[in-house]
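The structure appears right after this line, and notes come after that.
Order of the sequence lines fixes the chain letters, A, B, ..., with proteins taken first and strands second; residue numbering starts at 1 for each chain. No hydrogens, no waters, no symmetry mates; every other heavy atom, side chains included, goes into these values.
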Amino acid sequence: MALDFSIILRFQEALALGLWMTIKLTLICVVLGCSLGFLVGLARTSRRSLLRAISGVYVEFFRGTPVLIQLFWIFFCLPLILGVELSNLASGVIALTLYMGAITSETFRASLKSIGPEQLDACVALGLPRRVQVTNVILPQAVLRAVPTLLSNCVSLFKESALVSAVGMADLMFVGQNISNNTARPVEVLTVVAIIYFVIAFPLTRAVTLVERRVLAKLAI
Amino acid sequence: MMSANAPLVSIKSLRKSYGPYIQVLKGLDIEMKPGERVVVIGPSGGGKSTLLRVMMGLEKIDSGSITFGGEPYISSKGSDKKTVIDTEVRRSIGMVFQHYTLFPHLNVTQNLILAPCKVRGENKVSATKRAHALLDRFGLGAKANAYPAQLSGGQKQRVAIARALMLDPKLMLFDEVTSALDPELVAEVEQVILQLAAQNMPMMIVTHDMWFAKNIASRVIFCAGGVVVEDGPPEQVLGSPKEERTRDFIDRVFHIRH
Ligand SMILES: Nc1ncnc2c1ncn2[C@@H]1O[C@H](COP(=O)(O)OP(=O)(O)OP(=O)(O)O)[C@@H](O)[C@H]1O
Ligand SMILES: [Mg+2]
């Protein structure tokens, strides 16, 4: 059986819709997940042991279990616990945000730790109030240092988001599987889907290198 | 108010330890008059950095007190000996460290104006103007928009000095500010400090550089084992010390033979 990629052309629109769902889901979870990750990163470096313990359990749990199981758990168990029906999108957002929060919190924790104590000495010697130390000295350096790893985290999330197809969300992966089932042309369809993922993820991974070379090298941080 | 003869800084029975076992300052008394330039020398681990860090309010103390311009600003109070620091008084003191402490994400001008704008509420335009004037004076006019990573070690330390001066300190603390530098960069930093000395800026300086100590000091303190061992004019302490420990140290470190 010869490969026939022209078949894809008939499903352009469906694939575009699936891609849009994947992108939407990724963007929402990047924003929510990074915010959650920063707060959890702060909690993990906090002086309060209770905060450290709670955030530590959360992070280890979500990093140490398969994302697919987390997804199933949130899709099927969370509605039972909360007693409300969650839309597919809401469940997907919750699951991937919790996953993204856990992995980015590690990124932020490392970047917060890498800010040397001498920076804080300088802050005190200049009489900077605590609020200014955080907003003008610690936060910008923590974020800048985290950017390359955060970009990688985003690429991971973008690819991991394909798992939501397993619980019936109509993302790019889901659409691809549907088409491949209906046309019995899995090789062509899934190859094209993989290429679409790659075309979006690749520039992002290149951006990591670019940021490292241009911005971080200039600042040496 | 400061009177002419009142001490600028008065350190009384200052004790400081790190944890329960490492006692670093063991009852230190130093009185510094206005306009004095005190060079502190002493063996490694003798507590010189600790002294300056305490004066800057960077470390807790066990007991004792420090006044500045007659105002007590560091003391330990209450039954639990909590260190109390008057941050308003502390703002009159500037410090430059051995390690580079410029903010790497801010350019030179931004490094200089951060504190004046955020602490004193100075507007950006006037702070920038003052910053550029100061940079020009230190031969750094061309570096106003450079980032710290683009500067040599000597330039970084000169910027750090300028950054501290932006807050119009009444006392400057220098802790081995040239120790991390390549030898050929030491002079440019020392020149800047000598320039400040020429304007009668009171300062306390920790240094291992004999030439610099001789040229900048109006008084030298030899500090070892957490106490002041010898204290006097530079000719005496560096030239013909009275105490044997001072003599040993100077022979060893500065290779001066009598
Ligand atoms: N944060 C700290 N925690 C524990 N011990 C410390 C700390 N800082 C300094 N010390 C110890 O206190 C002692 C005095 O240190 P300090 O840095 O004040 O000495 P110094 O006179 O500046 O020495 P050097 O000439 O090497 O700079 C040393 O024994 C040092 O190991
Ligand atoms: Mg020292």
**Q.** Intermediate values then yes/no, salt bridge (charged side-chain N to carboxylate O under 4.0 Å, His left out), B:Arg53 and B:Asp175
**A.** CA-CA 9 Å; B:Arg53 291 178 59 81; B:Asp175 186 8; over 6 Å; no
Q | B:Glu122 and its salt bridge (Lys or Arg N to Asp or Glu O under 4.0 Å) partner, picked from B:Lys124, B:Arg120, B:Lys118 | A |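 Checked B:Lys124, B:Arg120, B:Lys118 against B:Glu122; only one passes salt bridge (Lys or Arg N to Asp or Glu O under 4.0 Å): B:Arg120.
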Considering only heavy atoms, which portion of [X] lies under 4.5 Å from any heavy atom of chain A: side chain, backbone, both, or neither?
X	answer
B:Ile93	backbone
B:Pro148	neither
B:Arg163	both

Q. What part of A:Leu126 gets closer than 4.5 Å to chain B, counting heavy atoms only: side chain, backbone, both or neither?
A.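 When you check distances to chain B, atoms from both the backbone and side chain of A:Leu126 fall under 4.5 Å.
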Q.
Report which part of A:Val137 has an atom under 4.5 Å of a heavy atom belonging to chain B: side chain, backbone, both, or neither.
A.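 For A:Val137, heavy atoms of backbone and side chain both lie under 4.5 Å from chain B.
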Q.
Can you confirm whether more than 12 heavy atoms, excluding those of A:Glu85, are under 6.0 Å from its CD atom?
A.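 For A:Glu85, atom CD is not crowded (no more than 12 foreign heavy atoms under 6.0 Å).
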Q.
Quick one about B:Thr50 and B:Tyr18 (side-chain donor to acceptor, distance below 3.5 Å, no hydrogens or angles considered), yes or no?
A.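 Side-chain D/A pair, B:Tyr18 to B:Thr50: present.
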Q: Using a cut-off of under 4.5 Å on heavy-atom pairs, state which of B:Met95, B:Met166, B:Arg91 scores highest against chain A.
A: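 With the most close heavy-atom pairs to chain A, the winner is B:Arg91.
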Q. When only pairs under 4.5 Å are counted, which of A:Gly127, A:Cys123, A:Pro129 shares the most heavy-atom pairs with chain B?
A.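 If we count pairs closer than 4.5 Å to chain B, A:Gly127 comes out on top.
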Q) Parallel, tilted or perpendicular: which fits the ring planes of B:Phe103 and B:His105, with parallel below 30° and perpendicular above 60°? A)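 Tilted.
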Q: Show the numbers, then the answer: is there a side-chain contact (heavy atoms from CB on, under 4.5 Å) between B:Ser49 and B:Val206?
A: CA-CA 8 Å; B:Ser49 297; B:Val206 175; 5.6 Å; no
